[in-house]
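What follows is a single structure, written as structure tokens, with notes after it.
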Number of protein chains: 2
Amino acid sequence: MIRRRATVHDVARAAGVSLATVDRVLNGRPGVRPATAEKVEEAIARLGFSRDLNASLMARSRDLHVVFFIPDGTNEFMGALAEAVEKRFASALADRMHLELRRTKALDAAALAEALNGLDAKTCDCALIVASEEPEIIAAVDAAHRRGIAVMTLVSDLPGSARRNFIGIDNVAAGRTAASLMGRFLPQGGKVAVVAGSLHLRDHAERLEGFRAALTEEFPAIELVGPVEGHDDRTETGSLVGKLLAEHSDMAGVYNLGAGNAGLVSALQASGRAKSLRVIAHELTEPTRAGLVSGAIDVVLDQNPDGEIREAIAAARSLALGTARPVATDPIEIGIFLRDNLR
Amino acid sequence: MIRRRATVHDVARAAGVSLATVDRVLNGRPGVRPATAEKVEEAIARLGFSRDLNASLMARSRDLHVVFFIPDGTNEFMGALAEAVEKRFASALADRMHLELRRTKALDAAALAEALNGLDAKTCDCALIVASEEPEIIAAVDAAHRRGIAVMTLVSDLPGSARRNFIGIDNVAAGRTAASLMGRFLPQGGKVAVVAGSLHLRDHAERLEGFRAALTEEFPAIELVGPVEGHDDRTETGSLVGKLLAEHSDMAGVYNLGAGNAGLVSALQASGRAKSLRVIAHELTEPTRAGLVSGAIDVVLDQNPDGEIREAIAAARSLALGTARPVATDPIEIGIFLRDNLR
DNA sequence: AAGGTCATGAGGCACGTACCTCAGACGAAG
DNA sequence: CTTCGTCTGAGGTACGTGCCTCATGACCTT
């Protein structure tokens with residue numbers, strides 16, 4: 001059964017009005033009585049009409065502008081996210097989408113808020129942010145939304161803000177998975193150090209929550225040490241881990257739910273206990289890959305950056321159709337990597 | 001740096017010819033001297049011109065027709081693939097793509113070849129097949145390609161045919177991953193039964209190859225029993241597994257690299273040895289999910305059917321642009337599922 | 001030289017939407 | 001009554017491409 005999509009012409013005919021009126025309703029232009037607008041809305045709903053985004057962008061001879069705000073610094077995962085955006089510049093252009101990548105200072109809420117406030121709806125239809133949970137960022141998101149810019153969160157969510165969508169993994173589930181693996185690795189129980197980047201990052205806080213809950217429920221023999229905050233910095237993370245290992249000679253495992261994995265791996269190797277500790281980290285990047293290969297890290301939980309960017313772009317496109325309803329996206333999978341299934 | 005995409009007008013101007021000539025070259029219509037065509041090709045390359053697929057489909061007022069041939073029967077994974085196609089009917093229509101789903105008799109090469117031969121290029125731009133490696137299918141693929149239908153393989157590849165692309169996981173790597181997990185589960189070694197659907201299915205043959213190679217290299221203490229072929233049928237698979245378990249009271253593990261997992265799980269439970277056997281299966285479906293939850297199955301390796309269909313659709317779109325070069329697609333991830341990270 | 005074929009240019013209409021102008025129709029206020 | 005403002009319809013042009021017709025000129029054949 002091949003059915004043609006409804007067009008504005010069909011809507012006009014069905015509503016008994018002219019094309020111009022349908023156009024005014026669709027694009028929120030003034031000069032339509034409420035009763036008439038009602039008729040048009042009804043026809044749109046009845047026919048299941050949805051604007052043809054491609055024809056629309058073509059007619060406007062304008063690309064969809066999507067701006068990605070991604071933290072800079074030495075966090076390899078953020079680097080991978082940024083690369084994933086760059087990789088799609090060309091193919092996005094083929095779909096009339098213009099992607100822009102801006103690196104913002106990591107863990108600097110004021111800088112991100114300012115950048116958001118500087119966005120102009122004329123040069124930005126949609127903004128994607130990797131944000132920590134701070135009042136000034138929430139305010140900036142709400143302000144951008146009021147200016148007509150759709151904001152979506154990437155990696156770490158910002159509930160309670162006007163963000164239209166969250167693109168990322170279920171971080172509570174990720175924390176639970178880490179706990180479940182760690183519990184199996186340590187059937188006798190023991191101490192496990194937990195290192196976060198910052199608990200202001202909701203993804204980190206959620207992973208910790210999931211990890212702690214699953215341990216309590218299923219592996220009460222495991223004692224959690226920490227969390228400590230390494231601010232996603234390799235040097236700081238390394239010295240924190242070194243200190244924890246020195247202080248606890250009976251440490252049995254480490255769960256780094258944030259970044260700074262290069263520091264983690266050096267500290268593990270410097271301790272001389274690398275092979276005897278069960279270690280779980282996040283994001284498949286150069287340091288964690290090296291850690292897996294050398295045996296310093298046992299498991300890496302990964303959120304596919306390419307998949308996240310792909311879904312972000314798809315969601316931005318759907319949002320551009322201007323529906324009020326939330327946009328459906330494919331869920332992002334949590335990848336589990338051992339030394340043997342490295343991509 | 002915002003750069004406008006090149007259009008046919010730009011190409012015409014750059015090549016010093018008229019729009020009509022560019023059009024003739026682009027659409028392979030006759031009436032252009034080789035020397036002139038050369039000039040146009042050169043301008044296209046120089047400007048990096050690529051046809052705007054959306055404008056093109058709109059101008060033709062014609063949707064892109066993509067036909068999926070997916071085996072029917074009781075194979076839950078194939079059911080999931082089919083559902084994944086159906087789920088995208090609507091969103092594909094929004095991109096001027098008309099998807100069609102046809103279920104063909106599983107493991108019946110003649111039926112699939114006949115279906116392929118019945119395709120008309122007027123009502124099918126691209127065909128996606130899940131095929132076993134048989135000469136008559138290869139011949140049908142080549143014939144379809146000559147008729148102007150792009151054929152791609154899904155799940156299981158068909159090298160040596162005129163298929164334009166393969167969408168699926170790296171099955172050798174999947175087999176290696178299974179071996180690596182099994183090896184760790186059985187540090188003392190022991191007998192592991194291997195069950196396939198059909199070794200005419202290249203994905204199954206490749207998994208076996210990877211499994212066997214990784215065992216030989218890394219876990220020589222493990223002895224492989226089989227493979228036996230259960231033809232992806234639950235009853236047949238169940239009785240095969242039951243027989244193997246009865247014959248080998250010292251069986252330590254089972255690797256089912258094909259389907260028929262409902263039969264696998266019943267046989268395991270009927271044997272009374274479910275908990276003491278390490279079991280690895282493929283595809284996260286109802287039976288394997290139940291197996292994970294009950295503990296009868298330890299690990300499931302999964303190829304995300306939604307992701308495969310998404311990539312297949314994206315690849316079909318790219319192919320429609322008519323480039324001779326192979327089309328780049330995102331790789332499909334091999335998911336690893338334990339009881340604790342079930343989606 | 002006349003007729004033929006072939007290569008090419010010029011231009012138009014169509015697809016679905018955006019955005020513009022202009023002309024009426026209508027009701028309310030003066 | 002006129003005048004104004006608001007609502008609505010009619011129709012045009014544009015976006016990038018496909019596909020069509022028609023005209024022109026060059027070259028070949030007889």
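Rounded to an integer number of Å, the gap from NZ of A:K39 to P of D:dT8 is 8 Å. Atoms CZ (B:R51) and P (D:dG16) sit 16 Å apart, rounded to a whole Å. The CE atom of A:M58 sits 11 Å away from the P atom of C:dT17 (whole-angstrom rounding). Atom-to-atom, CG of A:D52 to P of C:dA18 comes out at 9 Å; the value is rounded to the nearest Å. Taking atom CG of A:L321 as the reference point, atom P of C:dG16 lies 16 Å away to the nearest angstrom. Between B:D10 atom CG and D:dC15 atom P the separation is 11 Å, expressed in whole Å. Between the CG atom of B:N54 and the C1' atom of C:dT17 there is a distance of 13 Å, given to the nearest Å. Going from atom CD1 of A:I44 over to atom P of C:dG16 covers 16 Å, rounded to whole Å.
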Subject >> Steps toward salt bridge (Lys or Arg N to Asp or Glu O under 4.0 Å) verdict (B:R310, B:D330) >> reply: CA-CA 10 Å; B:R310 178 192 359 95; B:D330 285 1; 5.2 Å; no
Subject >> salt bridge (Lys or Arg N to Asp or Glu O under 4.0 Å) between A:D63 and B:R5, worked out >> reply: CA-CA 10 Å; A:D63 281 6; B:R5 296 187 66 203; over 6 Å; no
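The residue among A:L53 and B:V17 whose nearest nucleotide of DNA chain C lies closer to the 5′ end is B:V17. Mapping B:V22 and B:A55 onto DNA chain C by nearest heavy atom places B:V22 at the nucleotide closer to the 5' end.
The side chain of B:S56 places an N or O atom within less than 4.0 Å of a non-bridging phosphate oxygen (OP1 or OP2) of D:dG18. One finds a side-chain N or O of B:T21 lying less than 4.0 angstrom from the OP1 or OP2 phosphate oxygen of C:dG9. Side-chain N/O atoms of B:T7 include none lying less than 4.0 angstrom from OP1 or OP2 on D:dG16.
If you take CD1 on A:I138 and CG on A:D142, they are separated by 7.5 Å, rounding to the nearest 0.5 Å. Rounding to the nearest 0.5 Å places OG1 of A:T21 at 10.0 Å from CZ of A:R33. In this structure, B:L154 CG and B:I309 CD1 are separated by 5.0 Å, a value rounded to the nearest 0.5 Å. Separating the CD1 atom in B:I169 from the CG atom in B:D203 is a distance of 8.0 Å, to the nearest 0.5 Å.
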When you compare the protein's N or O atoms with those of nucleotides 4-7 of chain D, which come within less than 3.5 Å of each other, and at what distance?
from	atom 1	to	atom 2	distance (Å)
D:dC7	O3'	A:R33	NE	3.2

Anything under 3.5 Å between a protein N or O and an N or O of nucleotides 19-27 of chain C, put it in a table, one pair a line.
from	atom 1	to	atom 2	distance (Å)
C:dC19	OP2	A:R29	NH1	2.9
C:dC19	OP2	A:R29	NH2	3.4

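Sparse packing is recorded around CD of A:E114, with 12 or fewer heavy atoms of other residues, nucleotides or ligands lying under 6.0 Å away.
Every residue meeting the side-chain hydrogen bond (donor to acceptor under 3.5 Å, both in side chains) condition with B:D157, not counting sequence neighbours, appears here in chain and number order: B:T153, B:R163.
Within the 4.5 Å cutoff, the side chain of A:V22 has no heavy atoms near those of the A:F49 side chain.
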